[in-house]
Amino acid sequence: MASILSLGLGVLFTIEIVTGYLSYVAYAPTIGANDVAGGGPDEVLFGWTWFTEPAWLYGLNQSLHVLAGVAAIPILAAKLWVVMPKFYAWPPARSVADVLERGTYALLIGSSIFLVFTGLFNIAYWYPWSFGFVQAHFYAAWVFLGAFLGHLVIKFPVMRRAFRERGVLRPLREDLAATEPEPYDEDTSAPLEPDPPTISRRGLVGVVGGASAVMVGLIAGQSIGGWTRSTALLAPRGQDPAFPLSQGFQVNQTAAKAQITPDLVGDDWRLAVVGRERLELTRQELLAMPQHTEDIPIQCVEGWVSWQTWTGVRLRDLARMAGVTDPDELFVESVQPAGAFDDVVLRGSRATDPQSLLALKVNGEELSLDHGYPARIMIPASPGVHQTKWVGRLTWRPS
Amino acid sequence: MRRLGRLYGRDTPAHLVAMLVTYAIAAYGIWAIFQGAEPWSVLLWLGGAIVLHDFVFLPLYTAAYRLARRAGGVEADRRRRVIALQHLAVPAMLAILLLLAALPLILELSTANYRPTTGMTQEPYLERWLAVTAALFVLSGVAYLIRVRGDHAKAEDASAG
């Protein structure tokens, strides 16, 4: 029975590992002070340049990461329920191998639950612990990765044997009356003294799969957006845009939280552009430059997406004005006095993508204060927190 | 070699390789956790996850299962009672899982962060969860009635035939 649950869980956890890795790469952790997990990431493993095409790629990655984690909850619960009798076998270990294996189960189960729930609590902004979320989630993922790989090596042959002997779908054809417990086996999860069955195998798989589908269904709307957002009843960003949200769409961090005051972004505001030359531009001067319009979603690491139409100046035009044509990096600084991600280093090739903007307007209106007035960065397929708002200075580093 | 294998407890070296892979990568993760702030707090939560599952959730749902089994009662109409219990247990379980997954929203535990960050309140979530829970029980009840009626029809067919 554990085999089919393991297959589902194995697929979902593989998605978690891959999307988690890609998200870390998208943050460009090897340049500037971008690394939010700490510890000096490896250049080869994490140092390659994340994509700008398609524009929604980061949102897809993060939606998969969050939704696969949610979908894993019922399967993980069912799987633990199925395998638990084995953990209470007596004696608990009969050899060195058993003792070692027991330890890996502790690592695997502990890290799985830890990762799923720290992730879920983080996207709802609840921090009942004293550690930093990003670092703990990232390095607990390493613990998980090790335990998961080891578990695959040991258990994949057991799963394959079960599927070969019993078939993948054959056990699912029996109704409750025909359901017989599996015979006891040392290598599988079949218990020594099973109770009479109260649910057929297909019933259990149906209930668990159905539970995953319902949970995903009540959250996925925050990733898809449009009218589906109103179906995301239990998603952190699933509230009706009719709610007085600034300009009718989700704010990743309000101006109040970043302690933006009107005098920081009033008439005295200037955009400093620094390269081989140094210039200061007023908002009027920026609006007088060639304007470009792009559809780029805000894509949050927390797994929500919001498509909007942005108008502003191409970042590559600003690079050229500062005398830099082929920049290596762009250092973006916000005027925000508080809050995370007040500065970030972007790769030159991504910043000079023709779609990459210093946005001044959204959907034809002036940006609101909550959405980054007077100017914000919009780069396709970029993590939301790298779309710096209330920009004060752009520093181009020539290559 | 075979004696070594017997001493270790497995015939093939694959097991030992798997153990080495696991402990090597996990050790790196734990080492890295200790390079950061509050390492003991992270380990406490990692271990706490197991304790919470094995010593709180497992006993709770085992107890619920035992209780339900006892209610399953007499052998004669066991099937009908098992089905009735299934149709209560499934929506209850789903409601609990949803509560766990959206705990900070439903219980408004993170208002202090949520409100200033998003500009929204957490007020709608408790009502939404209650409504979803009610809908799950209603749907499950309807499915039960359809199933029981199907059983009756089958029984009548059998007696008529």
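Throughout, protein chains are lettered first and strands after them, A, B, ... in sequence-line order, and every chain is numbered starting at 1.
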The interface call for B/Leu58 against chain A, heavy-atom contacts under 4.5 Å, is side chain
By side chain to side chain donor-acceptor pair (under 3.5 Å), B/Arg147 pairs with (sequence neighbours left out) B/Gln86, B/His87
One option among B/Val42, B/Ile50, B/Asn113 has the most heavy-atom pairs under 4.5 Å with chain A, and it is B/Val42
Of the listed B/Leu7, B/Leu109, B/Leu97, B/Val21, the one with the largest count of heavy-atom pairs under 4.5 Å with chain A is B/Leu109
Pair count under 4.5 Å, heavy atoms only, with chain B: among A/Thr104, A/Asp98, A/Val153, highest is A/Thr104
Okay, B/Val90 and chain A: the region with an atom under 4.5 Å from a heavy atom over there is side chain
If one checks every heavy atom of B/Leu94 against chain A at 4.5 Å, the contacting part turns out to be side chain
Note: vs chain A, highest number of non-hydrogen pairs under 4.5 angstrom among B/Pro116, B/Ala102, B/Ala49 is B/Pro116
From the list A/Gly132, A/Gly103, A/Ala77, the residue making the most non-hydrogen contacts under 4.5 Å with chain B is A/Gly103
Correct closest heavy-atom pair for B/Asp54 and B/Pro59 would be O-CD, 3.3 Å
**Request:** Could you label the plane-to-plane angle of the A/Trp142 and A/Phe138 rings as parallel, tilted or perpendicular, counting under 30° as parallel and over 60° as perpendicular?
**Result:** perpendicular
Bottom line for A/Leu218: the part with an atom under 4.5 Å from chain B's heavy atoms is side chain
Answer key: most heavy-atom pairs under 4.5 Å with chain B among A/Ala235, A/Pro236, A/Gly339, A/Gly38 is A/Pro236
Applying side chain to side chain donor-acceptor pair (under 3.5 Å) to A/Thr118 and not counting sequence neighbours gives A/His137
Applying a strict 4.5 Å limit to non-hydrogen atoms, the region of B/Tyr114 in contact with chain A is both
Looking only at A/His151, A/Gln253, A/Met215, A/Arg94, most heavy-atom pairs under 4.5 Å shared with chain B are made by A/Met215
Check your understanding: Taking atom types as modelled, is there a side-chain donor on B/Ser41 or A/Ser130 under 3.5 Å from an acceptor on the other?
Key -> yes
| said: Using a 6.0 Å cut-off, check whether atom OH of A/Tyr88 has over 12 heavy atoms from anything other than its own residue. | reply: yes
Cut-off 4.5 Å, heavy atoms of chain A, and the answer for B/Val51 is neither
The interface call for A/Leu152 against chain B, heavy-atom contacts under 4.5 Å, is neither
**Prompt:** Within a reach of under 6.0 Å around CG of A/Asp195, are more than 12 heavy atoms found that belong to other residues, nucleotides or ligands?
**Reply:** yes
Comparing B/Trp31, B/Phe57, B/Tyr61 against chain A, the one with the most heavy-atom pairs below 4.5 Å turns out to be B/Tyr61
Given B/Leu16, B/Val132, B/Thr12, B/Thr118, the one with more heavy-atom pairs under 4.5 angstrom with chain A than any other is B/Thr118
Requested in this report: Indicate the ring-plane relationship of A/Phe148 and A/Phe144, choosing parallel, tilted or perpendicular according to the 30° and 60° boundaries.
Outcome: parallel
Problem - B/Arg80 atom CZ, over 12 foreign heavy atoms within 6.0 Å - result: no
Applying a strict 4.5 Å limit to non-hydrogen atoms, the region of A/Asp370 in contact with chain B is neither
Okay, A/Val70 and chain B: the region with an atom under 4.5 Å from a heavy atom over there is neither
Given A/Ala136, A/Ala147, A/Ala177, the one with more heavy-atom pairs under 4.5 angstrom with chain B than any other is A/Ala147
Next item on the list: Classify the side-chain pair B/Thr111/B/Gln122 by whether it contains a donor and acceptor separated by less than 3.5 Å.
Entry: yes
If we ignore angles and hydrogens, is there a donor and acceptor under 3.5 Å between the side chains of A/Tyr105 and A/Glu101? yes
- [ ] Please work out whether the ring planes of B/Trp40 and B/Phe34 are parallel, tilted or perpendicular, with thresholds of 30° and 60°.
- [x] perpendicular
Smallest heavy-atom separation, B/Pro104 atom then A/Trp126 atom, equals CB-CB, 3.5 Å
Looking only at A/Ala256, A/Pro128, A/Ala140, the option with the highest number of non-hydrogen pairs under 4.5 Å against chain B is A/Pro128
Whatever's closer than 4.5 Å to a heavy atom in chain A on B/Tyr23 counts as side chain
The interface call for A/Phe87 against chain B, heavy-atom contacts under 4.5 Å, is neither
